Amino acid sequence: MDKTYEPHAIESRWYAFWEERGHFAPSGQGEPYCIMIPPPNVTGTLHMGHAFQDTIMDALTRYYRMKGHNALWQPGTDHAGIATQMVVERQLAGEHKTRHDLGREAFIERVWAWKAESGGTITRQLRRMGASVDWARERFTMDDGLSAAVREVFVRLYEEGLIYRGQRLVNWDPVLHTAVSDLEVVSAEENGFMWHIRYPLVEGGGDLIVATTRPETMLGDTAVAVHPDDERYKNLIGLQVALPLTGRTIPIIADEYVDPAFGTGCVKITPAHDFNDYAVGQRHQLPLLNIFTADAKINDSGPEAYRGLDRFEARKRVVADLEELGLMEDIKPHKLMVPRGDRSHAIIEPFLTDQWYVKTGPLAGPSIAAVKTGKIKFIPENWEKTYFDWLNRIEDWCISRQIWWGHRIPAWYDPQGQVYVGRSEAEIRDKHRLGPEVVLNQDPDVLDTWFSSALWPFSTLGWPENTEALKTFYPTSVLVTGFDIIFFWVARMIMMGLKFMGDVPFREVYIHGLVRDQDGQKMSKSKGNVLDPLDLIDGVGLEELVAKRTTGLMQPQMAPAIEKATRKQFPAGIRAHGTDALRFTFAALATTGRDIVFDMGRVEGYRNFCNKLWNAARYVLMNTEGKDTGLNGGAVELSQADRWILSRLQSTVAEANAAIRDYRFDQVAQALYEFTWNEFCDWYLELSKPVLTDPASAEAAQRGTRRTLVQTLETLLRLLHPLMPFITEEIWQRVAPLAGVAGDTIMRQPYPEANKALDAAVAVTEIEWLRQFLVGVRRIRAEMNIAPGKPLPALLQHGSEEDRERLERQRRALTTLGRLGSIAWLGEDEPAPEAATALVGGMKILIPMAGLIDKTAETARLDKEIAKLRKEAERGVAKLGNADFLGRAPAEVVDKERARVAELQIAVTKLEEQLARIRQL
RNA sequence: GGGCGAUUAGCUCAGUGGGAGAGCACUACCUUCACACGGUAGGGGUCGCUGGUUCGAGCCCAGCAUCGCCCACCA
């Protein structure tokens with residue numbers, strides 16, 4: 001093995017090995033375990049959020065696979081209707097063309113071509129992450145099978161009356177020219193104005209002043225509303241006002257929707273262009289006057305002077321004309337919530353159109369119940385509240401989109417406008433006995449991308465066919481996703497799963513946080529703070545990184561600032577850390593219910609951890625390859641150190657298993673890190689050295705240590721495998737045969753289970769004693785400024801019988817690791833020489849320092865130590881002096897406190913004696 | 001307006017009733033034959049604030065402050 005861990009060399013070979021040998025496929029045996037990947041956009045690229053999510057899913061899949069489950073991680077990609085169409089339209093724009101220049105068919109061909117060209121990127125990147133998905137089952141939301149599932153669901157819902165077509169106000173994106181769902185509209189506060197406009201009473205005698213943030217919509221007003229109990233206006237209800245600029249008169253109506261305390265208490269009502277006004281209009285049978293085109297320009301229903309003007313242009317003109325007429329009472333700055341499309345960022349216009357809807361009420365009820373009854377569990381639980389709130393207030397889902405890339409709505413129209421819904425035109429002709437003379441035209445619209453995503457948990461498994469896969473893996477085990485798509489996706493999968501499968505789509509929903517940059521900012525291209533997971537894995541030069549961050553920006557003027565910040569944060573670019581280190585970092589940061597602030601220091605730390613593991617393995621191999629590990633007969637004798645590490649390993653195994661089942665990847669990572677570094681490497685490997693290097697040690701003891709070394713490492717590798725698949729496979733391939741384990745790959749080996757028979761409390765206490773002994777000696781050495789390599793004599797005093805036995809067993813380890821020239825007992829009453837002291841329980845270690853002792857330093861050291869212990873002891877004494885504590889605290893807590901105080905007091909006494917002795921020198 | 005979350009060492013975070021922790025960073029010493037992507041030792045925190053419950057509070061309760069996120073039609 002190379003002296004240094006080089007991730008690239010390792011990672012390039014094992015993935016292909018696993019894939020070629022079919023290790024990602026479900027074994028076909030054991031309890032099913034299934035995770036559906038949240039399908040990324042087929043033309044997308046891997047970002048930190050994916051890498052994080054994929055790490056969690058892969059860790060779970062590998063864990064349960066090793067646990068003997070029939071594990072399937074189902075891969076696939078999403079066609080991402082609007083997002084993908086926009087990318088291709090942008091490419092066309094570069095050629096000075098629009099999709100209309102190409103025509104629908106040619107445009108869709110072009111999108112497929114783009115998919116073919118870029119569609120492999122994200123799956124290649126998934127492979128780099130080590131994702132153990134079953135590629136043989138890979139699906140795409142627009143492939144034939146999934147498209148058939150989409151049509152089937154649509155037809156069945158339509159036939160049941162749960163899909164309908166209707167004309168109502170929708171969220172219209174005037175730039176994309178399509179309706180979007182409520183969820184695709186993002187409202188944010190922006191600066192605007194409140195215009196106060198005077199509407200004269202037709203009968204004369206004054207006017208009403210309405211307040212609005214959108215003066216141009218007055219051209220579509222069909223009433224003015226006041227509150228029925230508003231004394232100011234009560235007598236005007238039923239009268240008419242002259243709507244300025246239009247020559248129309250409109251009624252004054254009374255509606256409780258109006259808040260008399262807000263603005264002037266008079267509200268202009270524009271039923272065709274405002275959701276609230278629409279509702280008011282419905283109650284009062286007001287006419288709907290649509291004054292916009294699909295581009296949000298004034299249409300022919302508007303006054304001639306404004307026709308053809310864009311909505312913002314029309315606003316300026318309306319305001320100017322009202323001012324000229326003296327009808328503009330006031331203009332005040334006003335902050336308002338502006339709704340924008342989440343893709344186009346265009347201001348969304350409430351717009352009257354015919355659209356297809358899913359009636360959600362009947363689907364929401366069972367979806368709420370599924371979570372309430374615990375058939376689906378959210379982790380962390382508090383997201384259930386968010387889920388309930390949304391489902392309780394859910395509106396019907398607008399599913400039609402006026403774009404071209406997506407599943408075409410399976411509805412056809414005859415020349416009379418009669419609509420037919422079916423799986424195909426042929427089925428419809430057959431069912432309705434429509435001859436070839438009847439021309440049928442399919443609805444031009446496509447479905448919301450999330451419609452097909454909602455079917456993902458069963459459509460990927462072959463539904464509507466009742467396939468073996470469907471029977472085996474539905475309901476799936478857990479859904480791993482971000483909170484941002486609970487409404488878009490999670491809730492809708494639950495609705496559709498319950499509706500069509502009669503069961504929940506997954507039993508648990510693990511909601512993870514967002515990956516943020518080092519300053520806690522959301523990572524985004526426009527902020528120039530994105531990190532490409534592959535750059536963390538492979539490394540990237542500064543110039544390339546700057547170029548990546550500054551090209552293709554929506555706001556190119558940001559480039560210099562982004563470049564500056566990037567150069568400052570990564571003056572030398574980013575070093576290669578490897579997939580395993582990145583995955584371990586994500587695991588370590590994955591605490592539940594919290595966003596993660598990505599910290600480069602952590603990745604570096606875990607890259608170092610990989611290196612540590614690598615070198616520990618080198619040491620183990622160096623001492624076991626070609627040597628007798630006691631697996632082929634021959635006496636084997638286990639030392640206390642051997643028993644200790646095996647015992648500690650069992651605790652770690654138990655901890656890892658418990659934590660992973662609780663989705664506490666941070667705890668898994670921490671337990672394994674700590675065991676590997678602080679116990680296995682820092683202590684056990686060091687303790688093995690005296691045994692293996694001393695020619696005088698017994699063969700049986702050497703075999704015991706070699707066997708323990710190799711078995712502990714082999715187990716540790718299996719423990720770490722779900723988090724760090726590559727390095728563990730690489731090392732395991734060499735270590736397993738030495739440990740007597742046969743197998744093709746670590747990923748098909750059993751995950752370790754704690755073996756209680758290996759618990760060894762006695763050994764654990766003894767090694768704890770040894771550690772205290774050595775730490776005491778080392779501390780003296782460091783604080784007395786004694787060269788690390790200089791052999792020292794040690795004298796022991798006040799030892800118990802047990803201390804004497806332990807010393808004999810551990811003498812060699814103590815002398816080697818403590819660099820002690822000798823260790824000898826000093827009689828109880830024998831005068832101690834000038835020395836520095838440390839305590840191990842009641843036993844005193846004296847390091848003679850004849851003439852060398854730095855009296856000031858040692859006095860200071862003892863003073864400090866005594867003060868610390870005394871303070872703790874005093875606190876305990878006070879506690880024990882409290883009758884309430886003695887009376888009310890559990891006996892075991894009191895006993896523990898007593899023991900602790902006694903121990904502290906002994907230590908204080910001994911150190912004080914020593915201090916007195918030093919002072920006399 | 002409603003809801004959720006956060007506030008613990010310089011930084012990133014664990015810790016949910018009984019001796020304040022980890023990683024990184026920092027200080028000193030050390031190239032000792034697995035590892036300088038290392039070793040040994042060390043410094044560093046009135047656990048946001050104020051009350052309360054309790055024998056005992058970082059942890060439970062109430063209030064406050066600051067920050068963040070989600071939802072919502074105030075024209």
Side-chain angles (χ1 to χ4, degrees), chain A residues 1 3-5 187 194 210-214 217 225 257-259 261-270 274-279 334 336-337 350 380 382-383 385-386 389-390 393 483-484 486-487 513-514 518 520 522 575 577 581 588-589 591 593-623 664 666-667 669-670 673-674 677-678 681-682 685-686 689 693 774-775 778-783 785-789 819 872 875-876 879 882-890 892-894 896-897 900-901 904:
Chain A
M1 282 172 86
K3 186 173 170 184
T4 306
Y5 160 67
S187 291
M194 182 73 89
V210 300
T212 181
T213 54
R214 298 202 55 195
T217 62
Y257 155 65
V258 181
D259 175 1
F262 187 86
T264 60
C266 299
V267 185
K268 59 188 276 308
I269 301 296
T270 321
D274 183 280
F275 288 101
N276 289 312
D277 293 5
Y278 181 82
H334 182 74
L336 70 161
M337 297 297 278
N382 53 299
W383 289 108
K385 191 156 184 158
T386 307
D389 284 350
W390 187 68
R393 291 177 301 106
F483 59 84
D484 48 329
I486 289 179
F487 307 144
L514 216 62
Q518 70 287 346
K522 207 164 163 171
R575 284 184 59 183
H577 297 89
L589 292 173
T591 58
R594 219 177 141 131
D595 284 352
I596 67 176
V597 176
F598 195 80
D599 179 7
M600 285 299 297
R602 294 292 282 257
V603 201
E604 279 161 27
Y606 295 126
R607 195 256 336 271
N608 295 352
F609 176 64
C610 290
N611 188 58
K612 190 76 179 176
L613 178 67
W614 181 259
N615 279 290
R618 282 181 61 221
Y619 171 81
V620 172
L621 288 169
M622 211 175 277
N623 284 287
R664 288 301 305 266
D666 60 321
Q667 291 177 349
Q670 201 188 333
Y673 182 99
E674 213 170 279
W677 202 309
N678 304 128
C681 291
D682 284 354
L685 295 191
E686 295 306 320
K689 287 174 186 175
T693 53
L774 286 172
V775 167
R778 285 170 182 166
R779 189 181 293 162
I780 290 171
R781 199 186 276 279
E783 288 174 9
N785 275 320
I786 303 166
R819 310 242 161 191
E872 280 193 54
R875 226 164 53 183
K879 228 170 166 180
N882 181 343
D884 284 330
F885 173 69
L886 298 178
R888 303 196 189 219
E892 57 188 64
V893 171
V894 176
K896 198 175 152 199
E897 193 64 24
R900 204 173 81 85
V901 168
L904 285 166

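Predicted, not measured: the structure shown is a model, and the values here were computed from it. Every chain is numbered from 1, with letters handed out A, B, ... down the list of sequences.
As judged by a 4.0 angstrom heavy-atom cut-off over every strand, A/F262 is placed among the base-contacting residues. Residue A/R594 is in sugar-phosphate contact alone, with no base atom involved, counting any heavy-atom pair closer than 4.0 Å across all strands shown. When heavy atoms are screened at a 4.0 angstrom cut-off, A/R778 is found touching the sugar-phosphate backbone but no base atom. Among the atoms of the strands shown, none is found under 4.0 Å from any heavy atom of A/F609. Heavy atoms of A/R618 sit under 4.0 angstrom from primed sugar atoms or phosphate atoms, though from no base atom. At a threshold of 4.0 angstrom between heavy atoms, the contacts of A/D259 include nucleobase atoms, whether or not backbone atoms are also involved. As judged by a 4.0 angstrom heavy-atom cut-off over every strand, A/D682 is placed among residues touching the sugar-phosphate backbone only. Among the protein residues, A/V597 comes within range of the sugar-phosphate backbone only, with heavy atoms under 4.0 Å from sugar or phosphate atoms but none that close to a base. Within 4.0 Å of A/R607, counting heavy atoms only, lies at least one base atom of the nucleic acid. Counting any heavy atom pair closer than 4.0 Å across all strands shown, A/R393 reaches sugar-phosphate atoms only and no base atom. Contact annotation for A/C610: no contact, since no heavy-atom pair falls under 4.0 Å across all strands. Residue A/M337 is classed as a base contact, given a heavy-atom separation below 4.0 Å to a base. Nucleic acid contact class of A/E686 (heavy atoms, under 4.0 Å, all strands): base.
Here the separation of B/A57 from B/G52, taken at their P atoms, is 12 Å to the nearest Å. Going from the C1' atom of B/U8 to that of B/C49 covers 15 Å, rounded to whole Å.
Salt-bridge formation is detected for the pair A/R900/A/E872: a Lys NZ or Arg NE/NH1/NH2 atom is positioned less than 4.0 Å from an Asp or Glu carboxylate oxygen. Using a 4.0 Å cut-off between charged side-chain N and carboxylate O, A/E604 and A/R607 make no salt bridge.
Checking side-chain atoms of A/N615 against main-chain N and O of A/N611 turns up a donor-acceptor pair under 3.5 Å. Distance alone, capped at 3.5 Å, places no donor-acceptor pair between the A/D595 side chain and the A/G513 backbone. Between the side chain of A/R781 and the backbone N or O of A/R819 there is at least one donor-acceptor pair closer than 3.5 Å.
The nucleotide B/G5 finds its pairing partner in B/C67, both defining distances of the Watson-Crick or G-U wobble pair being shorter than 3.5 Å.
A residue-by-residue look at A/V775 and A/D595 shows that A/D595 has its nearest nucleotide of RNA chain B further toward the 5' end. Of the two residues contacting RNA chain B, namely A/T386 and A/D389, the nearest-nucleotide position lying further toward the 5' end is that of A/D389.
Once you apply a 4.0 Å limit to the heavy atoms of chain A, the touched nucleotides of RNA chain B run 5' to 3' over B/G3 to B/A75.
In this structure, A/W390 and A/F487 have parallel ring planes: the angle between them is below the 30° cut-off, well short of the 60° mark. Relative orientation of the A/F483 and A/W383 rings is parallel, given thresholds of 30° and 60° on the angle between their planes.
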